[in-house]
Amino acid sequence: AGECHGVPAQCTAASDCNDNNACTNDSCTSGACKVLLKVNGAVCDDGDACSSDDGCVAGVCLGTADPTTPGCTPLGPDEDAFQAALALYSALDYTGAMAAFDAFRTAFPTSARLDNAVFLLARCQFELGLLAPARDGFEAFAGLFPTSPFADDAAYYLARTDFELLAFSTAAGEFQAFLDSQSTSNFIEFARYYLGRSEYEQGHWGAAVAALQPVIDTPASALRDAALYWAGRSSYEWGRADGSPGSAHFPEAEAYLLQGILGYPASSYGDNLHYYYGMAAWQRGAHAAVVTRMDALLASYPSSTYRDGAAYYAARAEYELAHYPSAISRFDAFIATWPAPTGYRDGALYYAGRAHFQQGVLGVNAALEFQAATVRFESVVSESPTSGYADNAHYFGARSYHRLAKSLGVSPETNYAAALAHYRAVHETFPSSSYADNAWRYEVEADVEQGLCGDAQTALGAFQTAFPSSSELAKAVASVQGC
């Protein structure tokens, strides 16, 4: 299969990077050697005069023994068996090849092809998702065949298998050890990428970015779009961990993600790139940019799994920009498109209600807007009573009913009763809510406004006991004094 003599870390021409492996393409890019595997089946010469039909398999040149060549030894039964198994592997029949390689290692324990067979058996298991036996095979390979041309491949696939098994800490250590010991392997770029992925999965955001950067710095890398996405995601999560919208890691994330968007419009990560490009803007409070970026995702990726999130955050951004009619339109479209509960539906219902409420406060068709708000808030508490928005929905639902009754005189008896019910739901069901003391204050005021002075005094006493230091307490006391 030939001998690899190594390549220098730096280069000035492709000739500096020749690793003497017929199954790799060697190039010099930006002063660094780049070695990539040729596709399986690529024509090569294994240097053996007694073989023919030589072809690349997983970066190694393998030929079929040809006993018809003068001076060559006739084929043995082990070579026949190996070639039959190899043909199945090359045809991607991993189940058949797995059985054939397994039978080979039992029948021919001293064959010169044993290392090939053991490695390719583990590869078959890996491709079939049989990760535990694949891992055992790759791990055993290092001890059995330390000088095999497949040794670095086995080390790489051991780490890849641990990654697929979600053993990210173990995989990170194995990928790092592989990179520390290899300078010319065909899998260096892949090892860097999966080291970055392993660090990401452990929440090691800085280490993930550092591991992915060499891949990003290789313009011709087939993994560059994926590396840009995961570097962007790592920086995004790093910014969130900082806990500040001013974190420098959000602009860093946007820079990586924008490179991916502009450089790889057909990337399989395209919608991911667009979504987190928008989310990084959301974390910074750049709401106009959120609308633009999420709309770009919605226009370009009609089947994306991020569509509900993109539609929701575009609507939220419109709300934060005080573009309430636009926010209402977007939330209404969201609610109609995703009628079943999703991770965003309760939020969409709540903020649709808030947008209607704000329109009512502004005096734009106030009665209609407050009534529309109550419909949305009631939907939150009926559909998602344990939602993180449930206490807010009860409170703003009560405020909407209260305004209809007090300020607009719409069905006062009915709307006051609904307002009181929701105020009580806040402080009784959600006593730790940030709106609990406000709910007590407005309950007292609603009682006073109806002339229910005894109920007002009772509510005030309970309010004083529950929140003796509330800034809302003085307002409640003042309202009762006139009753």
Side-chain angles (χ1 to χ4, degrees), residues 285 312 315-316 319-320 322 324 327-328 331 335 341 343-362 366 369-408 410 412 414-450 452 455-480:
Y312 172 73
R316 279 289 306 274
Y319 175 85
E320 298 298 335
Y324 301 124
I328 290 168
F331 283 127
I335 293 162
Y344 299 103
R345 183 174 168 83
D346 58 341
L349 288 165
Y350 171 71
Y351 278 101
R354 283 295 302 271
H356 281 296
F357 181 86
Q358 293 302 131
Q359 284 288 89
V361 170
L362 292 172
E369 294 291 352
F370 286 127
Q371 287 170 340
T374 64
V375 172
R376 292 310 191 193
F377 293 133
E378 293 286 6
S379 294
V380 175
V381 299
S382 63
E383 285 188 16
S384 307
T386 60
S387 164
Y389 292 107
D391 61 329
N392 308 47
H394 277 294
Y395 175 72
F396 280 100
R399 291 293 306 279
S400 300
Y401 284 119
H402 197 163
R403 281 179 174 265
L404 284 167
K406 176 187 176 182
S407 303
L408 301 172
V410 177
T414 300
N415 284 319
Y416 267 125
L420 287 170
H422 283 288
Y423 285 137
R424 288 166 186 157
V426 176
H427 58 68
E428 290 175 2
T429 308
F430 306 97
S432 298
S433 169
S434 60
Y435 288 110
D437 60 337
N438 302 63
W440 275 116
R441 171 209 162 177
Y442 283 108
E443 179 180 343
V444 171
E445 291 186 2
D447 284 333
V448 171
E449 289 157 12
Q450 296 177 87
L452 304 174
D455 290 347
Q457 289 287 357
T458 301
L460 177 60
F463 182 13
Q464 291 171 318
T465 300
F467 296 96
S469 302
S470 171
S471 61
E472 300 294 320
L473 190 55
K475 299 170 186 175
V477 170
S479 69
V480 171

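The structure displayed is predicted, hence computed values, not measured ones.
Considering every non-hydrogen atom in both V381 and A390, the closest pair reads CG1-O, 3.9 Å. For the pair G388 and D346, the tightest heavy-atom approach, listed with the atom from each and the gap, is N-OD2, 4.5 Å. The minimum heavy-atom distance between A436 and F430, with the atom names listed, is CB-O, 4.0 Å. Residues F377 and R354 come closest through the heavy atom pair CZ-N, 3.5 Å. Between A327 and A355, the closest heavy-atom pair is CB-CB, 4.5 Å. Residues G353 and A373 share a closest heavy-atom pair of O-CB, 3.5 Å.
Ring geometry for W440 versus F463: interplanar angle under 30°, hence parallel rather than tilted (30 to 60°).
For E383, the side-chain hydrogen bond (donor to acceptor under 3.5 Å, both in side chains) test picks out R345, with sequence neighbours left out. Applying the side-chain hydrogen bond (donor to acceptor under 3.5 Å, both in side chains) rule to N392 yields no partners; only residues at least two apart in sequence or on another chain are considered. Every residue meeting the side-chain hydrogen bond (donor to acceptor under 3.5 Å, both in side chains) condition with R376, not counting sequence neighbours, appears here in chain and number order: D332. In this structure, the ring pair (Phe, Tyr, Trp, His ring centres under 6.0 Å) partners of Y319, at least two apart in sequence or on a different chain, are Y324, Y351. For E369, the side-chain hydrogen bond (donor to acceptor under 3.5 Å, both in side chains) partners at least two apart in sequence or on another chain are H356.
A donor-acceptor contact under 3.5 angstrom links the side chains of E378 and Y401, judged on distance only. Side-chain polar atoms of H427 and E443 form a donor-acceptor pair below 3.5 angstrom. A donor-acceptor contact closer than 3.5 angstrom links the side chains of D391 and S433.
Sorted by first and then second residue, the salt bridge (Lys or Arg N to Asp or Glu O under 4.0 Å) pairs involving residues 461-476 (not counting sequence neighbours) are R441-E472, E472-K475.
In this structure, V480 and D447 have side chains that are not in contact, with every pair of non-hydrogen atoms separated by 4.5 Å or more. Two residues are said to be in side-chain contact when any heavy atoms from C-beta on lie closer than 4.5 Å; D437 and L473 fail this criterion.
Within the 3.5 Å criterion, the main-chain N or O of V426 finds no donor-acceptor partner in the side chain of T429. A donor-acceptor contact shorter than 3.5 Å links the side chain of N415 to the backbone of V410.
Residue S379 holds its OG atom at 7.5 Å from CD1 of I335, rounded to the nearest 0.5 Å. Distance check, rounded to the nearest 0.5 Å: OH of Y416 to CD of Q450 gives 6.0 Å.
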Before giving the answer on ring-ring contact (aromatic ring centres under 6.0 Å, His included), spell out for H402 and Y423 the whole-Å C-alpha distance, their side-chain angles and the decisive distance to 0.1 Å.
CA-CA 10 Å; H402 197 163; Y423 285 137; 5.8 Å; yes

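Between F396 and Y435, the distance from one ring center to the other falls under 6.0 angstrom.
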